[in-house]
Amino acid sequence: MANPEILELLSTNKVFDGELRKYKFKACLNANFNLFLPSHSAAAHVPLLVYLAGLTCTEDNGAQKGGFFGPAAAKGIALLFPDTSPRGAGVEGEDKDWDFGVGAGFYLNATNPAFAKHYNMLTHVTLELPQVLSTAGLPIVCGHGALTLYLASKTNQYRSVSAFSPICNPINCPWGQKAFKGYLQGGTTEAAEQYDATELIKKRTDPVRILIDYGTADNFYKQGQLLPENFVKAAREAGHDESQVQVRSQDGYDHSYFFISTFATDHINFHAEFLL
Ligand SMILES: N[C@@H](CCC(=O)N[C@@H](CSC=O)C(=O)NCC(=O)O)C(=O)O
């Protein structure tokens, strides 16, 4: 399946009767990815669910701790786990902070000249990886990047989106403001057009398929980094009811992969409705 000029297979593991493959993507500065193929994929095309991990993560966090393989294997869904930023770009200061630069690419295409050559995770996730995997009809799962990629897509590339503890209104929270100031020449004004889920949902008048879970004990939620209430308000005002935009507050859960793995099956089943 893989073109060795572009993809180098680094490892394989059997899991839930399927196979987890780890690849180095040679076009993109050591940005590795993991691909789970359910056993069905040997005989038939299967849909692909993309998992976008959060700040500080690599392609391994969701794969190793998310608990997605069992439910995905049961439904016959493949899973793609991209990295969260380029690695080794050499931009000055890129590894200074945990919430900006290496491990924190924010799934955007940088327009700040210092970052624009390498920090193009939007293109990496929406074009480069799908092209290399030659798959259509991708749903996506996980936070801020998933929501914005889904909501800004004009090509029906994605059928549904779900997110765990996402940053819902980044132009109004410290993480988003810091990232957009650093990556984009136009800062939060430029970001509002393309990279803010609350702004984007206001402009979507067609039916959408969105599931969001967040935990009430999540410190980042309590600090005002996530702002799911802003997203719900904007969605309802734009005419998207519970059947299109479901945002669930999960009592006592924090921001960790213990939370994600608890609700992983719900998210896989949600996407299966639109994929199979
Ligand atoms: N180092 C930080 C905490 C970092 C953190 O919690 N990262 C989350 C994502 S946060 C938003 O996107 C994460 O997924 N971490 C990786 C993991 O495997 O848990 C701090 O000190 O607060």
Side-chain angles (χ1 to χ4, degrees), residues 15 20 22 31-34 36 49-69 79-87 93-108 110 119 121-122 124-125 140-151 161-183 191 195-198 210-231 247-250 252-264 267:
V15 57
L20 179 65
K22 187 181 183 79
N32 297 341
F33 65 89
N34 283 307
F36 168 71
L49 178 62
V50 184
Y51 178 89
L52 301 181
L55 300 169
T56 72
C57 292
T58 69
E59 69 282 2
D60 289 332
N61 298 68
Q64 294 177 358
K65 300 198 287 190
F68 294 107
F69 297 134
L79 300 171
L80 172 64
F81 299 87
D83 201 348
T84 57
S85 78
R87 305 279 160 177
E94 67 173 353
D95 52 5
K96 192 166 65 67
D97 295 337
W98 68 271
D99 55 1
F100 181 80
V102 175
F106 261 79
Y107 303 106
L108 50 69
Y119 279 73
M121 294 305 286
L122 173 66
H124 180 60
V125 170
I140 40 182
V141 63
C142 211
H144 140 81
L147 292 175
T148 60
L149 267 56
Y150 172 82
L151 288 168
V161 66
S162 71
F164 295 98
S165 327
I167 309 169
C168 292
N169 190 192
I171 60 172
N172 287 318
C173 82
W175 277 341
Q177 288 163 346
K178 176 175 177 175
F180 298 144
K181 184 165 171 247
Y183 287 131
Y195 300 122
D196 186 285
T198 295
I210 300 175
L211 170 65
I212 293 175
D213 279 315
Y214 67 94
T216 59
D218 180 334
N219 283 333
F220 297 129
Y221 167 65
K222 293 189 211 168
Q223 289 159 14
Q225 295 280 20
L226 310 184
L227 305 172
E229 295 83 1
N230 295 5
F231 183 74
V247 179
R248 307 189 304 189
S249 157
Q250 304 289 5
Y253 286 93
D254 62 19
H255 199 79
S256 70
Y257 273 87
F258 295 112
F259 167 57
I260 291 178
S261 57
T262 301
F263 294 97
H267 284 239

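Positions are given from 1, in the same order as the sequence printed here. Order of listing sets the numbers, starting from 1, for every ligand and every atom in it. Only this structure's heavy atoms are used, side chains among them; waters, hydrogens and symmetry mates stay out.
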So, Tyr183 versus Phe100, ring centres under 6.0 angstrom or not? yes

Using a threshold of 4.0 angstrom between heavy atoms of the protein and any atom of ligand 1, which residues qualify? Gly54, Leu55, Thr56, Cys57, Asn61, Lys65, Trp98, Trp175, Phe220, His255, Tyr257

Is there a donor in the side chain of Asp60 and an acceptor in the side chain of Asn34, or the other way round, less than 3.5 Å apart? yes

CZ on Phe164 to CZ on Arg248, rounded to 0.5 Å: 8.5 Å

Ring centroids only, cut at 6.0 angstrom: are Phe36 and Phe68 within range, meaning strictly under it? no

Under the criterion side chain to side chain contact (heavy atoms under 4.5 Å, CB included), I'd like the reasoning laid out for Thr262 against Gln250: C-alpha separation, chi angles, the key distance, then a yes or no. CA-CA 11 Å; Thr262 301; Gln250 304 289 5; over 6 Å; no

Pairing residues for Lys181 by the salt bridge (charged side-chain N to carboxylate O under 4.0 Å, His left out) criterion, not counting sequence neighbours: none

